[in-house]
2 protein chains.
Amino acid sequence: MYIHLQSIPLPLMRIEDEIKQPVFRNEYQKAHINLVYTAGWLQLRQAAAFKPFGLTLPQFNILRILRGQHPRPATVALLIDRMLDKTSNASRIVDRLEEKQLVTRTVCPANRRAVDIRITKAGLDLLDRIEQANITPSGVEQLSEAEAQQLNALLDKVRTVE
Amino acid sequence: MYIHLQSIPLPLMRIEDEIKQPVFRNEYQKAHINLVYTAGWLQLRQAAAFKPFGLTLPQFNILRILRGQHPRPATVALLIDRMLDKTSNASRIVDRLEEKQLVTRTVCPANRRAVDIRITKAGLDLLDRIEQANITPSGVEQLSEAEAQQLNALLDKVRTVE
DNA sequence: CAACATTAAATGTATGTACATACATTTGCA
DNA sequence: TGCAAATGTATGTACATACATTTAATGTTG
């Protein structure tokens with residue numbers, strides 16, 4: 001899992017120290033690597049938090065979308081629409097949740113191509129327990145409100161294309 | 001692959017527009033989602049660039065590390081050390097590269113537990129061709145030098161723990 | 001209404017990720 | 001020297017990701 005905690009508490013974890021690459025070509029290369037590395041770092045921490053509850057990160061995210069819809073059902077298409085990673089395979093993630101009886105699948109009566117997916121009581125309870133355990137840590141709380149805004153603006157700019 | 005290009009050219013791609021979530025709880029939730037989403041966005045674009053050359057992103061990254069070592073060999077341990085994602089399985093990524101004859105594996109004579117991995121001429125040529133095609137796009141070039149520095153500082157702060 | 005296109009979801013295949021375990025080799029030291 | 005611990009790599013399993021294809025239901029149109 002590899003969460004490196006420093007023994008001597010220093011204020012900052014510079015990317016140069018995290019990776020074995022002491023020098024970068026320029027600030028851009030460093031920013032690119034830093035961005036990918038930091039996102040992975042956040043996701044690893046989240047995954048570790050869900051693990052005691054037998055959930056993976058995508059499974060947790062799908063469950064939360066379903067709670068947002070509850071008591072109305074969601075279709076696979078709606079889940080894909082709401083997911084951060086559009087290319088992941090919602091069908092199979094729902095398979096896992098159904099096996100654990102955290103969701104149900106029923107053919108949609110109005111459109112028999114579609115499948116109504118609903119979170120169960122067990123699913124709702126699991127989400128409650130996870131959130132009560134004050135889990136889902138996210139390092140962005142290290143930032144001030146203004147810094148968080150700044151970060152959002154910079155990230156939006158990174159995704160600007162032509 | 002899902003690279004959303006706007007038909008009417010607006011300067012910025014706000015995260016609210018990218019995801020179907022028009023409102024966030026606060027700037028922190030937005031920053032967290034934005035960070036993960038933007039990193040995924042960068043990696044998808046890179047993966048799409050390597051695909052015509054039959055390489056995945058991890059395979060490309062390993063090849064680049066091997067070129068950096070060339071003509072000296074690398075061991076699996078060295079690859080893991082240099083990789084961004086320490087938990088990925090370098091052995092199996094090298095398997096794929098070896099099948100494509102882009103690298104060679106020989107038992108290290110000095111330490112017969114270790115395996116010397118070397119990039120081949122074909123591997124070097126492939127990297128050249130990929131780079132000549134001016135690929136490896138990275139959205140961070142949208143930023144100014146100062147903004148890139150700012151982004152690096154913010155990301156480092158996000159990873160600060162205790 | 002028959003033929004064809006479109007849509008919704010599931011399935012297939014290759015690869016990657018996370019983690020545990022196995023196996024051989026080397027090292028340290030009693 | 002002998003042997004336990006450490007090291008370097010490979011393999012196994014479960015799950016996720018990326019993408020193509022399939023199956024079934026529904027729309028559309030001549």
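Chain letters run A, B, ... following the sequence lines, proteins first, then strands; residues in each count from 1.
Contact annotation: B:Thr56 reaches the phosphate of C:dG16 (side-chain N/O to OP1 or OP2, under 4.0 Å). The side chain of B:Arg92 contributes no N or O atom lying less than 4.0 Å from OP1 or OP2 of D:dT9. Between B:Gln43 and D:dT17 there is no side-chain polar atom (N or O) within less than 4.0 angstrom of OP1 or OP2.
Counting atom types as modelled, B:Arg96 pairs no side-chain N or O with a base atom of C:dG16 as donor and acceptor under 3.5 Å. In this model, no side-chain donor or acceptor of A:Arg113 finds a partner on the base of D:dG27 within 3.5 Å.
Atom-to-atom, CG of B:Leu57 to P of C:dT17 comes out at 8 Å; the value is rounded to the nearest Å. Distance, A:Gln59 CD to C:dT17 C1': 14 Å, rounded to whole Å. One interatomic measurement links the two molecules: CG of A:Leu44 to C1' of C:dG16, which rounds to 14 Å at whole-angstrom precision. Rounded to a whole Å, the CG atom of B:Leu79 is 10 Å from the P atom of D:dA10. Atom C1' of nucleotide C:dT17 and atom CZ of A:Phe50 are separated by 17 Å, given to the nearest angstrom. Rounding to whole angstrom units, CG of residue B:Asp95 and C1' of D:dT9 are separated by 11 Å. Across the protein-nucleic acid pair, B:Asn61 atom CG and C:dT17 atom C1' stand 15 Å apart, rounded to whole Å. Separating the CD1 atom of B:Ile93 from the P atom of D:dT17 is a distance of 16 Å, rounded to the nearest angstrom.
The existence of a salt bridge linking A:Asp125 and A:Arg129 is excluded, since no basic side-chain nitrogen approaches an acidic carboxylate oxygen closer than 4.0 Å. Salt-bridge check for B:Glu98 with B:Arg92: failed, with every basic side-chain N at 4.0 Å or more from each acidic carboxylate O.
Across A:Ile117, A:Val94, A:Thr120, a single residue satisfies side chain to side chain contact (heavy atoms under 4.5 Å, CB included) together with A:Leu66, and that is A:Ile117.
With a 6.0 Å radius and a threshold of 12 heavy atoms from other residues, nucleotides or ligands, B:Gln149 has its CD atom above the threshold.
The residue A:Ser88 sits close only to the backbone: its heavy atoms come under 4.0 Å of sugar-phosphate atoms, none of a base. Counting any heavy atom pair closer than 4.0 Å across all strands shown, A:Asn111 reaches sugar-phosphate atoms only and no base atom.
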Side chain to side chain contact (heavy atoms under 4.5 Å, CB included) between B:Asn61 and B:Leu84, intermediate numbers included
CA-CA 9 Å; B:Asn61 286 330; B:Leu84 270 194; over 6 Å; no
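Heavy-atom nearest nucleotides on DNA chain D were determined for A:Arg112 and for A:Asn89, and the one closer to the 5' end corresponds to A:Asn89.
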